[in-house]
Amino acid sequence: MTTLTARKLAPRRFGQFFGRTIQRIATHIILILYTALAVFPVILVILNSFKARQAIFRNPYALPTAETFSFIGYETVFSRGNFPLYFFNSLVITMGTLVLIMVLGAMVAFALTEYKFRGNTILGLYFSLGIMIPIRLGTVSLLRLIVDLGLINTHIGLILVYTASGLPLAVFVLSNFMRQVPSDLKDAARVDGASEYRIFLLVLPLVRPALGTVLIFNMIPVWNDLWFPLILAPAESVKTVTLGAQTFLGQFLNDWNAVLASLTLSMIPIVLLYILFSRQLIRGLTAGAIK
Amino acid sequence: MRVLARGPRRKFPTHIIVFLAPAFLIYTVFMVYPLFDSLRLSLFAPDPESPQEETFVGFQNYQTLLTSEFSGPRVQGALQNNVRFFAIHMLVQNPIALLLATLLAGVARRTGAIYRTLIFTPTVLSFVLVGFIWSIILNPIWGIADDVLGLVGLDAAPWMGLPESALNTLGLISVWQFVGIPMMLFLVAIIGIPEEVIEAARVDGATSWGVFWRIKFPLILPTVGVVSVLTFVGNFNAFDLVYTMQGALAGPNFSTDLLGTLFYRTFFGFQLTPPSPTMGAAVAGIMFMIILTGVVVYLLGIQARLRQYEF
């Protein structure tokens with residue numbers, strides 16, 4: 001280490017220093033340009049959602065001023081769409097799915113890593129089958145099943161489908177973490193006469209980072225999914241934000257204020273959640289890579 | 001594992017069943033069963049005598065799909081489009097992601113976090129939002145695309161409306177949305193390379209370019225494999241963006257039709273074609289085989305061979 005710092009501090013030729021600086025500037029230019037490309041469309045939509053119709057077209061890049069500021073789009077969205085209901089539905093479905101995936105996934109991961117029993121390996125393989133195969137390919141049969149069970153147009157139908165498809169990766173990620181929990185701790189609890197369920201609850205807080213990873217990996221796809229709400233729960237009363245926005249936007253295509261306002265409204269919760277959880281996301285990805 | 005051996009007495013392991021049963025049931029009933037049952041259904045067709053019943057017809061659905069005058073060109077078209085869609089992601093999305101990750105690994109951590117967070121933002125948005133955002137940006141009435149391209153002296157065209165350009169445009173929009181995921185995976189892999197290795201190469205006089213291709217790239221090959229298979233599975237399963245931007249008919253003139261939209265149309269019917277669950281299941285069967293092949297090639301070929309590079 002010391003030798004490395006010494007080398008770093010060693011005097012460099014001017015050309016080398018110059019080259020490094022150019023490289024650094026170029027790095028930032030490319031990153032700034034790409035960042036602009038990534039956020040420009042999003043900002044443009046949010047900005048213009050607060051403007052009167054004429055201002056949207058006359059000067060799309062300007063901030064809304066006292067003159068051009070308008071809530072007209074939001075008024076349309078709230079009077080003609082059911083967005084509060086859509087948010088509620090998305091929230092119920094996403095939360096329900098996340099709780100089930102985390103709790104049930106952790107239970108499986110605990111059992112598979114903690115106990116040796118016949119079929120352990122096979123069961124592990126059975127759960128990992130689903131990591132790479134998308135559940136959408138079973139839609140034809142899934143629709144029939146959901147209809148037969150009377151779960152069409154229900155929250156619980158979607159929750160069960162998303163839980164089933166999220167479990168394989170959750171079991172995989174959580175198992176990797178559970179394996180690292182020292183057995184001394186568990187054995188000590190056993191000596192004290194704790195039940196196996198008690199020990200599970202003891203281990204759970206120790207794998208919090210893995211639970212965070214599972215949470216973030218499932219939250220975004222479930223919240224954003226269009227396919228299953230469209231097929232399994234298209235009724236107005238159970239519509240999610242994603243499907244609700246899709247139908248609303250289709251109907252109000254020419255009402256630019258309403259389009260921009262509904263886009264902004266649908267974007268805000270997920271972007272806020274993302275900013276809230278972005279640390280977890282990075283940590284989760286890092287943990288996944290290190291294995 | 002040691003538990004049972006060490007335990008005071010062997011009793012029936014109720015707790016193991018309690019831990020496993022709920023997840024096992026949900027996973028089996030709502031994922032494994034539908035996948036296999038759907039494959040089974042693809043070998044059946046409604047009985048001409050009594051349309052409520054379905055009879056076993058073997059591979060007839062697949063044969064009809066692939067060879068009939070009506071559906072053959074659709075399957076072929078969707079397949080070709082899907083391959084191109086995948087190629088766009090492999091040739092544009094993943095190299096850009098690698099470039100961004102390499103650059104991000106070199107900047108200060110705080111600044112890097114800001115860039116990273118912002119570049120990842122589109123990834124958290126739904127296809128529906130992304131589709132509509134780009135629809136209005138590319139809409140000539142608003143003229144944003146014209147203004148932006150005007151900066152570099154280009155003209156905008158109604159890309160989504162022209163059969164030649166619709167699929168490429170759609171692919172690039174999808175790249176815009178998803179570049180964050182491979183970028184993050186590459187970044188994590190690059191950061192994981194021990195500093196000593198890179199420093200040693202630098203001391204030996206390697207340029208940044210040389211360090212990247214001769215040291216970093218070979219070391220992150222496992223991530224390249226993961227990114228490729230994730231891209232493959234995601235692309236051959238894509239539906240939402242096309243459905244949002246171009247509708248189930250994947251226009252103009254089926255030029256943006258992917259296997260996902262073909263599956264949806266076959267299953268639920270469109271225009272004059274009646275809905276057909278069993279034919280739909282056959283389209284899903286084709287997708288299943290394609291995705292499975294990709295995953296198996298990855299697991300057996302690429303991943304097994306790459307193991308040796310890991311530390």
Side-chain angles (χ1 to χ4, degrees), chain A residues 4 7 23 27-28 30-31 34-35 38-39 41-42 44-45 57 60 104-105 107-108 110-111 114-117 123 127 130 132-142 145 160-161 163-165 167 196-197 220 224 226-227 242 245-246 249 259 263 266-267 270-271 274 278 285-286 289-290, chain B residues 1-4 13 15-16 19-20 22-23 26-27 30-32 34-35 37-38 41 100 103-104 106-107 115 117-119 121-122 124-129 132-134 136-137 142 144 176 184-185 188-189 192 199 203 208 233 237 239-240 243-244 267 277 280-281 284 287-288 291-292 295:
Chain A
L4 282 185
R7 259 184 217 133
Q23 204 175 359
T27 299
H28 282 283
I30 296 173
L31 285 173
Y34 196 87
T35 307
V39 294
V42 176
L44 206 59
V45 166
F57 289 101
L104 302 185
M107 280 160 59
V108 172
F110 182 74
E114 186 66 23
Y115 311 118
K116 190 186 176 91
F117 55 92
L123 213 58
F127 273 106
M132 283 294 190
I133 301 296
I135 194 169
R136 282 182 185 190
L137 301 180
T139 304
V140 175
S141 177
L142 202 52
L145 180 72
L160 288 170
V161 171
T163 304
S165 74
L167 273 172
E196 293 302 314
Y197 307 107
I220 293 167
N224 284 340
L226 177 66
W227 178 265
T242 307
Q246 153 85 18
L249 287 163
V259 166
L263 283 173
S266 326
M267 238 166 3
I270 197 76
V271 170
Y274 159 63
S278 63
L285 282 170
T286 323
I290 290 166
Chain B
M1 48 179 103
R2 297 133 265 150
V3 179
L4 277 186
H15 55 275
I16 299 187
F19 282 131
L20 292 172
I26 294 180
Y27 174 60
F30 293 97
M31 182 143 181
V32 179
L35 282 172
D37 188 57
S38 193
L41 275 175
L100 292 173
L103 296 180
L104 279 175
V107 302
Y115 286 130
T117 310
L118 291 174
I119 293 175
T121 307
V124 304
L125 304 178
S126 65
F127 290 100
V128 172
L129 299 180
F132 275 96
I133 288 173
W134 280 98
I136 60 175
I137 298 247
W142 206 12
I144 303 292
W176 175 81
M184 292 286 201
L185 293 171
V188 167
E199 200 60 38
V203 170
S208 298
V233 174
N237 185 32
F239 161 81
D240 310 49
Y243 182 77
T244 302
F267 184 11
M287 293 164 76
F288 189 95
I291 289 175
L292 197 66
V295 172

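Letters A, B, ... are given to chains in the order of the sequence lines, protein chains preceding strands, and every chain is numbered from 1. We use all heavy atoms of the structure for the numbers below, so side chains are in, but hydrogens, waters and symmetry mates are not.
- Heavy atoms closer than 4.5 Å to chain A are found in the side chain of B:Pro122, but not in its backbone.
- Of the residues considered (A:Leu104, A:Leu137, A:Thr27), A:Leu137 shows the highest number of contacts with chain B, using heavy-atom pairs under 4.5 Å.
- Here the straight-line distance linking atom CZ of A:Arg136 with atom CG of A:Leu142 works out to 12.0 Å at 0.5 Å rounding.
- Only the side chain of A:Leu167 comes within less than 4.5 Å of a heavy atom in chain B; its backbone stays farther off.
- Screening A:Thr242, A:Leu249, A:Leu226 for a side chain to side chain contact (heavy atoms under 4.5 Å, CB included) with B:Thr244, the sole residue that qualifies is A:Leu226.
- Separating the NE2 atom in A:His28 from the CG atom in B:Leu103 is a distance of 9.5 Å, to the nearest 0.5 Å.
- With chain B as the partner, the residue from A:Ile220, A:Leu263, A:Ile270 showing the most heavy-atom pairs under 4.5 Å is A:Leu263.
- Minimum heavy-atom separation, A:Pro41 to B:Ile133: CB-CG2, 3.7 Å.
- Interface remark: of the candidates A:Ala245, A:Ser266, A:Ser141, A:Ser141 forms the most heavy-atom pairs closer than 4.5 Å to chain B.
- Looking at A:Val39, the atoms closer than 4.5 Å to chain B (heavy atoms on both sides) all sit in the side chain, from C-beta outward.
- Remark: B:Trp134 CH2 to B:Ile144 CD1 distance equals 10.5 Å, nearest 0.5 Å.
- The candidate with the highest count of non-hydrogen atom pairs below 4.5 Å against chain B, out of A:Ile133, A:Leu160, A:Ile30, A:Val45, is A:Leu160.
- When all heavy atoms of B:Trp142 and A:Pro60 are compared, the pair lying nearest together is NE1-CB, 3.6 Å.
- Minimum interatomic distance between B:Tyr27 and A:Ala164 (heavy atoms only, all atoms of both residues): CD1-O, 3.6 Å.
- Between chain A and the options B:Val295, B:Leu104, B:Leu125, the largest number of non-hydrogen pairs under 4.5 Å is found for B:Leu125.
- Between chain B and the options A:Tyr34, A:Tyr274, A:Phe110, A:Phe57, heavy-atom pairs under 4.5 Å are most frequent for A:Tyr274.
- Comparing B:Phe288, B:Phe127, B:Trp176 by heavy-atom pairs within less than 4.5 Å of chain A, the highest count is held by B:Trp176.
- Of all the listed residues (B:Asn237, B:Thr121, B:Val233), the one sharing the greatest number of non-hydrogen pairs under 4.5 Å with chain A is B:Asn237.
- For the set B:Ile119, B:Asp37, B:Val124, the entry with the most heavy-atom pairs within less than 4.5 Å of chain A is B:Val124.
- By number of non-hydrogen pairs under 4.5 angstrom with chain B, the leading residue of A:Val42, A:Val259, A:Thr139, A:Thr163 is A:Thr139.
- The shortest non-hydrogen separation linking A:Ser165 to B:Met31 is CA-SD, 3.5 Å.
- Looking only at heavy-atom pairs under 4.5 Å with chain A, the residue among B:Val32, B:Ile137, B:Leu20 that has the most is B:Leu20.
- At a 4.5 Å heavy-atom cutoff, the contact between A:Leu145 and chain B is made by side-chain atoms alone.
- For B:Leu100, the parts sitting under 4.5 Å from any heavy atom of chain A are the backbone and the side chain alike.
- Contact count versus chain A (heavy atoms, under 4.5 Å) is highest, among B:Leu35, B:Ile291, B:Asp240, B:Ile26, for B:Asp240.
- No side-chain N or O of A:Gln246 forms a donor-acceptor pair with one of B:Tyr243 less than 3.5 Å apart.
- Looking at every heavy atom in both residues, B:Ser38 comes nearest to B:Ala281 through O-CB, 3.4 Å.
- For A:Ala111 against B:Phe19, the heavy-atom pair with the smallest separation is CB-CB, 3.7 Å.
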